2 protein chains.
Amino acid sequence: MADTRWLDEDEQRTWRTFLRAVHLLDSALDRQLRRDSGLPHAYYQALVALSEAPERALTMTELAGLLRSSPSRLSHAVARLEEDGLVRRFKRPGDRRTTIVSLTPEGMEVLREAAPGHVEEVRRVLFDTISREQADRLREISEAMLGALDPGGEAPGRPAS
Amino acid sequence: MADTRWLDEDEQRTWRTFLRAVHLLDSALDRQLRRDSGLPHAYYQALVALSEAPERALTMTELAGLLRSSPSRLSHAVARLEEDGLVRRFKRPGDRRTTIVSLTPEGMEVLREAAPGHVEEVRRVLFDTISREQADRLREISEAMLGALDPGGEAPGRPAS
DNA sequence: CCGGAATACTTGAGAGTTCAACTGTGTTCT
DNA sequence: AGAACACAGTTGAACTCTCAAGTATTCCGG
């Protein structure tokens, strides 16, 4: 660890502006989802991932992988979602280690009800405030970040937010 | 609330890529800071804000404003920082409502020790992975987001990260 | 085919965040 | 002056996330 390569003034401003934007964006989304559907954003994302999976079911490990979540975090989350009846958990036949999580009809319903408001919020805080071209740049930048942060990670999938 | 303006495929990919990048970036920073200094990122930011203030002191309200933090969150945070001896709290003479938080020498020292590693991490996850030009674009995009998220918010300050 | 490593989670404790309610102080209006 | 209101912060409970351990299976080398 030699001398620190401090941030120059431009980098400082960029960094702080970015941090603040991300912080506010995250809070806005989380608050909107909690208010309108009772789910934190992270839990909502879990339901989305399940809804797009074949059979609307995934193993804990698969789901954790998609969400970049620790096993522990996911375990707690799924426990809560199961209590609420939004997902169901059962063992995979033939492998008693593996737990399969599947989205229940109730979970799907909660998702259907939450989605429109969520998408509106995503537009409000992001896509309505930047141009199409800026969005393209943002994606490139995000992909570059993922290079360092998520080596070997596939690009996220396509379907419904 | 008329028909939902769903995200098109490009927007979906951008959104998900961005979300994932931000999530990983945040975790990386938080983990690095907790490991190396025992402070969560939010607490570190509070110390930074104080260190840059005149007299290294701010009122709770001022600090909450700079950090875009709720009064409650800040109150809990400052309570913890005070227990650790990194900040001190006292009432403003002449206004018994107002609490002033000031950075202690110990707090300043913790900051000094944490800063280099933190900056390295910021470089690693952001500035080393994108070009100078992308950084400029990122700042513009972040500023645009802040237009919707933080109406009437001044641009963040300049000094040390 | 047996013992050690790897896999797939789960659990519990400790922190941090949120939300709603509450306390104590200034301000304002009449 | 007095009532109503606004302001500045704090508190407690519920919840979520993290980290370290622990449990239960399955895989693998000798």
Side-chain angles (χ1 to χ4, degrees), chain A residues 22-24 26-47 57-84 86-102, chain B residues 22-24 26-47 57-84 86-102:
Chain A
V22 160
H23 166 58
L24 292 175
D26 239 32
S27 324
L29 282 165
D30 207 55
R31 225 177 1 254
Q32 181 272 321
L33 277 171
R34 283 174 191 273
R35 177 166 39 72
D36 294 353
S37 73
L39 293 172
H41 191 200
Y43 290 24
Y44 177 84
Q45 292 179 71
L47 297 189
L58 292 166
T59 68
M60 292 294 278
T61 299
E62 287 164 347
L63 187 48
L66 289 171
L67 302 176
R68 267 58 180 174
S69 163
S70 71
S72 168
R73 182 214 235 236
L74 184 61
S75 202
H76 286 300
V78 167
R80 196 273 225 185
L81 291 172
E82 187 171 38
E83 271 183 32
D84 293 356
L86 309 186
V87 306
R88 206 173 34 241
R89 245 185 313 193
F90 51 90
K91 291 292 176 187
R92 164 139 65 201
D95 182 348
R96 281 174 303 182
R97 280 184 304 185
T98 307
T99 299
I100 294 178
V101 197
S102 94
Chain B
V22 160
H23 166 58
L24 292 175
D26 240 32
S27 324
L29 281 164
D30 207 56
R31 236 194 330 274
Q32 181 271 321
L33 277 172
R34 284 174 191 274
R35 177 166 38 72
D36 293 353
S37 72
L39 292 172
H41 190 198
Y43 290 24
Y44 177 84
Q45 291 179 69
L47 296 189
L58 292 167
T59 67
M60 291 295 278
T61 299
E62 288 164 347
L63 187 48
L66 289 172
L67 302 176
R68 267 59 178 172
S69 161
S70 71
S72 168
R73 182 216 238 237
L74 183 61
S75 203
H76 286 298
V78 167
R80 195 272 225 185
L81 291 171
E82 188 170 38
E83 270 183 33
D84 293 356
L86 308 185
V87 305
R88 206 172 35 242
R89 246 186 310 195
F90 51 89
K91 291 292 176 187
R92 163 139 68 201
D95 182 349
R96 280 175 303 182
R97 280 184 302 185
T98 306
T99 299
I100 295 178
V101 197
S102 95

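All chains are named by letter (A, B, ...) in the order of the sequence lines, taking the proteins before the strands, and each is independently numbered beginning at 1. Just so we're clear, the structure is a prediction, and the values are computed from it rather than from any experiment.
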Review item, side-chain donor-acceptor pairs of residues 70-81 of chain A, under 3.5 Å, at least two apart:
from: Ser70(A); atom 1: OG; to: Arg73(A); atom 2: N; distance (Å): 3.0
from: Arg80(A); atom 1: NH1; to: Asp84(A); atom 2: OD2; distance (Å): 2.5
from: Arg80(A); atom 1: NH2; to: Gly38(A); atom 2: O; distance (Å): 3.0

Just call it for Asp30(B): base, sugar-phosphate, or nothing, with non-hydrogen atoms closer than 4.0 Å on any strand. nothing
Can you measure Leu74(B) atom CG to dG16(C) atom P for me and round it to whole angstrom units? 14 Å
Provide, to the nearest angstrom, the distance between the CG atom belonging to Leu33(A) and the P atom belonging to dT16(D). 13 Å
Students often get this wrong, so: under 4.0 angstrom with heavy atoms, is Ala42(B) touching a base, only sugar-phosphate, or nothing? sugar-phosphate
For the atom pair CG (Asp36(B)) and OH (Tyr44(B)), what is the distance rounded to the nearest 0.5 Å? 11.0 Å
What nucleic acid atoms does Ser75(A) come within less than 4.0 Å of, heavy atoms only: base, sugar-phosphate, or nothing? base
Would you mind reading off the distance between Glu83(B) atom CD and dT11(D) atom C1', rounded to a whole angstrom? 14 Å
Report yes if at least one side-chain N or O of Thr99(A) is closer than 4.0 Å to OP1 or OP2 of dT10(C); otherwise report no. yes
Check the distance between dT25(C)'s C1' and Ile100(B)'s CD1 and give it to me in whole angstrom. 15 Å
So Thr99(B) and Lys91(B), side-chain hydrogen bond (donor to acceptor under 3.5 Å, both in side chains) or not? Walk me through it. CA-CA 5 Å; Thr99(B) 299; Lys91(B) 291 292 176 187; 3.1 Å; yes
Does Ser72(A) reach a base, just sugar-phosphate, or nothing at all? Heavy atoms under 4.0 Å. base
Presence of Tyr43(A) side-chain N/O under 4.0 Å of dC17(D) phosphate oxygens OP1/OP2: yes
Look at Arg80(A) and dT16(D) and indicate whether a side-chain polar atom (N or O) is within less than 4.0 Å of OP1 or OP2. yes
Rounded to the nearest Å, what distance is computed from the CG atom of residue Leu39(B) to the P atom of nucleotide dA15(C)? 13 Å
Specify the closest pair of heavy atoms between Arg68(A) and His23(B), including all atoms of both residues, with the distance to one decimal. O-NE2, 3.0 Å
Look at Arg34(B) and dA15(C) and indicate whether a side-chain polar atom (N or O) is within less than 4.0 Å of OP1 or OP2. no
Write down the distance between CG (Leu67(B)) and P (dG16(C)), rounded to a whole number of angstrom. 15 Å
So which atom in Asp30(B) and which in Arg34(B) form the shortest heavy-atom distance, rounded to 0.1 Å? OD2-NE, 2.7 Å
Judged by each residue's nearest nucleotide on DNA chain C, which is more toward the 5′ side, Ser27(A) or Lys91(A)? Lys91(A)
Side chain to side chain donor-acceptor pair (under 3.5 Å) partners for Ser37(A), two or more places apart: none
At under 4.0 Å between heavy atoms, what does Ala64(A) touch on the DNA or RNA strands: base, sugar-phosphate, or nothing? nothing
Hey, does Pro71(A) reach any base, or is it just sugar-phosphate, or nothing, if we go heavy atoms under 4.0 Å? base
With rounding to the nearest 0.5 Å, note down the distance linking CZ in Arg31(B) to CG in Leu33(B). 11.5 Å
For dG12(D), does the base pair up with any side-chain atom of His76(B) as donor and acceptor (N or O, under 3.5 Å, distance only)? yes
Interatomic distance where CZ belongs to Arg31(A) and C1' belongs to dT16(D) [whole Å]: 16 Å
Taking any heavy-atom pair under 4.0 Å as a contact, classify Arg89(B): base, sugar-phosphate, or nothing. sugar-phosphate
So, is Thr61(A) close to the dC9(C) phosphate, meaning a side-chain N or O under 4.0 Å from OP1 or OP2? yes
Tabulated below should be each protein N or O lying under 3.5 Å from an N or O of nucleotides 21-24 of chain D; please produce it.
none

Atom pair distance, as rounded to whole Å: CD in Glu62(A) and C1' in dA8(C): 12 Å
From Met60(B) CE over to Ile100(B) CD1, what is the distance, rounded to the nearest 0.5 angstrom? 12.0 Å
Considering every strand and a 4.0 Å limit on heavy-atom distances, what is the contact class for Arg35(A): base, sugar-phosphate, or nothing? nothing
